[in-house]
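Sequence lines set the chain letters: A, B, ... in the order given, protein chains first and strands last, and positions in each chain run from 1.
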Number of protein chains: 2
Amino acid sequence: MAGKQEGVRRAQADRRARTRSALLEAAARGLSRYGYANLVLERVAAEAGYTRGALYHLFANKEDLALAVVKWVEETWDAEVGHLVAEQTDPVDALLALARGHAVYCRRDVADVMMTLRVEFAGQDHPVGRAITDIVDRLEADCARLIAAGRGSGAIPPGPPPTVMASAYLGVVEAVGIQLAGHAPHDVELADRAVRGVLGLPPVTAGTFPPP
Amino acid sequence: MAGKQEGVRRAQADRRARTRSALLEAAARGLSRYGYANLVLERVAAEAGYTRGALYHLFANKEDLALAVVKWVEETWDAEVGHLVAEQTDPVDALLALARGHAVYCRRDVADVMMTLRVEFAGQDHPVGRAITDIVDRLEADCARLIAAGRGSGAIPPGPPPTVMASAYLGVVEAVGIQLAGHAPHDVELADRAVRGVLGLPPVTAGTFPPP
DNA sequence: CGACCTACATACATGCATGTATGTAAGTTA
DNA sequence: TAACTTACATACATGCATGTATGTAGGTCG
């Protein structure tokens with residue numbers, strides 16, 4: 001196990017990883033634009049600079065590719081938005097941080113992959129659809145807990161049950177993020193506004209937004 | 001032009017209209033579940049009690065069928081939600097009436113046809129996608145005017161430009177309508193809350209919702 | 001440097017959904 | 001009731017995208 005051995009092994013592994021990343025990124029863009037059914041693998045490969053042969057060498061099939069994209073998007077989202085939420089101690093602060101963080105996350109062009117696929121596979125029984133609903137369901141449960149906690153402390157006024165609130169909360173967060181992608185800084189402000197509205201919190205008074 | 005002539009003519013026309021409606025309704029349900037690309041015309045026809053032959057006799061092709069569905073949904077939406085908005089004189093009341101009316105409209109199962117197709121054709125150049133964006137763009141312009149009017153009268157506090165606000169407003173209305181379909185009466189309440197939040201209006205104090 | 005493996009391209013086979021052409025029964029008008 | 005049209009079903013043809021099988025060049029290791 002000399003240094004050169006690992007070096008060359010990393011060389012081949014790096015080559016593989018680079019092409020994989022290129023294909024993954026092209027697939028993510030393609031999925032967000034065309035969805036799953038209309039995604040043509042030859043275009044994906046061509047956009048990444050390869051052919052379908054490379055794609056089928058690195059991914060078992062179209063479904064496997066889409067699942068890999070979903071996993072990749074989930075990981076980048078967690079890395080960028082998840083920690084913003086985790087470092088908040090107050091549940092309301094956490095919910096507001098998630099909304100604002102997601103709005104910022106949505107400024108990149110692959111952000112609406114999840115939404116596109118979720119809509120396409122809604123009501124179906126497809127592995128890709130299940131992968132997405134699993135993620136969303138976990139997130140929704142987390143948000144429901146945060147809302148329940150906020151209710152318990154009195155920070156969130158009474159209203160519909162926390163699970164229903166969480167569903168509405170995530171819906172508006174997603175909608176604002178997608179509708180206002182590329183409209184900084186209004187994306188963050190309106191995500192904040194919409195979430196406060198759903199939670200029943202009073203609006204921030206003029207001049208105090210955005211907070212430092 | 002005796003009564004009998006018109007009678008029999010109405011008989012054949014009625015037959016045609018009934019099968020057309022059955023196919024249209026089946027197509028609407030199919031589109032909202034599977035989207036356009038995954039919609040199989042044989043299933044649509046079978047669900048309506050016919051075969052593809054009937055479908056191709058009444059519609060030129062798949063695209064024509066989808067366009068007819070879009071038109072039909074638009075008309076039912078106008079009939080059910082549009083007049084609620086039109087009879088409001090105050091712009092803020094109109095915006096709130098639209099949000100609440102749309103939430104009620106979304107309780108039927110074909111309500112998310114527009115959203116499904118809009119997502120599927122986003123960024124494409126397809127006639128069906130254009131038909132939808134045309135409708136949404138008109139609605140968005142109307143809402144932007146209402147928001148500008150509310151700003152002018154001071155009823156809506158300052159914030160992002162009306163066009164951006166309208167985009168966020170409609171996104172939120174759509175999201176809540178879809179997420180909370182079948183969760184009456186929370187759907188209406190949360191649509192109201194979300195819209196008030198986006199517009200920067202204070203929440204309704206506890207106990208006063210819903211208004212008569 | 002010769003044997004082997006990996007990364008990728010090219011070529012082929014399959015399936016599925018659309019669209020079209022044809023057939024048939026029911027309805028309409030003289 | 002006979003000529004004609006409409007409403008629909010059945011059968012056929014086409015295209016396109018996936019998946020697989022095969023080929024080849026470059027890297028890897030003895």
With sequence neighbours left out, what residues match [X] under side chain to side chain donor-acceptor pair (under 3.5 Å)?
| X | value |
| --- | --- |
| A:R107 | A:D187 |
| B:W77 | B:H102 |
| B:E80 | B:R108 |
| A:Y105 | A:T76 |

Subject >> 4.5 Å side-chain heavy-atom contact, A:S167 and B:H186 >> reply: no
Original post:
Looking at residues 35-43 of chain B, who's got a heavy atom less than 4.0 Å off DNA chain D?
Top reply: none
Subject >> DNA chain D contacts among residues 121-128 of chain A, heavy-atom distance under 4.0 Å >> reply: none
Original post:
For B:A22, does its backbone N or O pair with a side-chain atom of B:Y50 as donor and acceptor, under 3.5 Å?
Top reply: no
Subject >> Short side-chain to backbone donor-acceptor contact, B:E120 and A:G35, under 3.5 Å >> reply: no
**OP:** For A:D14 and C:dA7, give me the distance from atom CG to atom P, rounded to whole Å.
**Re:** 12 Å
**OP:** Let me know the distance between OH of B:Y34 and C1' of C:dA17, rounded to the nearest Å.
**Re:** 16 Å
Original post:
Under the criterion side-chain contact (heavy atoms from CB on, under 4.5 Å), which of B:V195, B:L146, B:I156 is the partner of B:V92?
Top reply: B:I156
Original post:
Of A:V69, A:V110, A:V44, which meets side-chain contact (heavy atoms from CB on, under 4.5 Å) against A:L24?
Top reply: A:V69
**OP:** Before giving the answer on salt bridge (charged side-chain N to carboxylate O under 4.0 Å, His left out), spell out for A:R196 and A:D192 the whole-Å C-alpha distance, their side-chain angles and the decisive distance to 0.1 Å.
**Re:** CA-CA 6 Å; A:R196 287 178 189 275; A:D192 194 279; 2.5 Å; yes
Original post:
Quick one: salt bridge (Lys or Arg N to Asp or Glu O under 4.0 Å) pairs with a partner in residues 27-42 of chain A, sequence neighbours left out?
Top reply: A:E25-A:R29, A:R29-A:E47
Subject >> Watson-Crick and G-U pairing of DNA chain D written in dot-bracket, each distance under 3.5 angstrom, with | for inter-strand partners >> reply: ||||||||||||||||||||||||||||||
Original post:
Could you run down nucleotides 6-14 of chain D 5' to 3' and tag each one B, S or - for protein heavy-atom contact under 4.0 Å?
Top reply: -BBBB----
Subject >> All pairs passing ring-ring contact (aromatic ring centres under 6.0 Å, His included) where residues 17-37 of chain B contributes a residue, at least two apart >> reply: B:Y36-B:F121, B:Y36-B:H126
Scan the side chains in residues 127-143 of chain A for donor-acceptor partners under 3.5 Å anywhere in the protein, sequence neighbours excluded, and list what turns up.
from   : atom 1 : to     : atom 2 : distance (Å)
A:R130 : NH1    : A:D125 : OD1    : 2.7
A:T133 : OG1    : A:G129 : O      : 3.1
A:T133 : OG1    : A:R130 : O      : 2.9
A:R138 : NH2    : A:E74  : OE2    : 3.2
A:D142 : OD1    : A:R145 : NH2    : 2.6

Original post:
If you take all heavy atoms of B:Q88 and B:D93, which pair is closest and at what distance?
Top reply: OE1-CB, 3.4 Å
Original post:
Using a heavy-atom distance cut-off of less than 4.0 Å, which residues of residues 62-71 of chain A contact DNA chain C?
Top reply: none
Original post:
What do the steps show when you test B:L67 against B:F59 for side-chain contact (heavy atoms from CB on, under 4.5 Å), and what is the final call?
Top reply: CA-CA 10 Å; B:L67 288 171; B:F59 301 93; over 6 Å; no
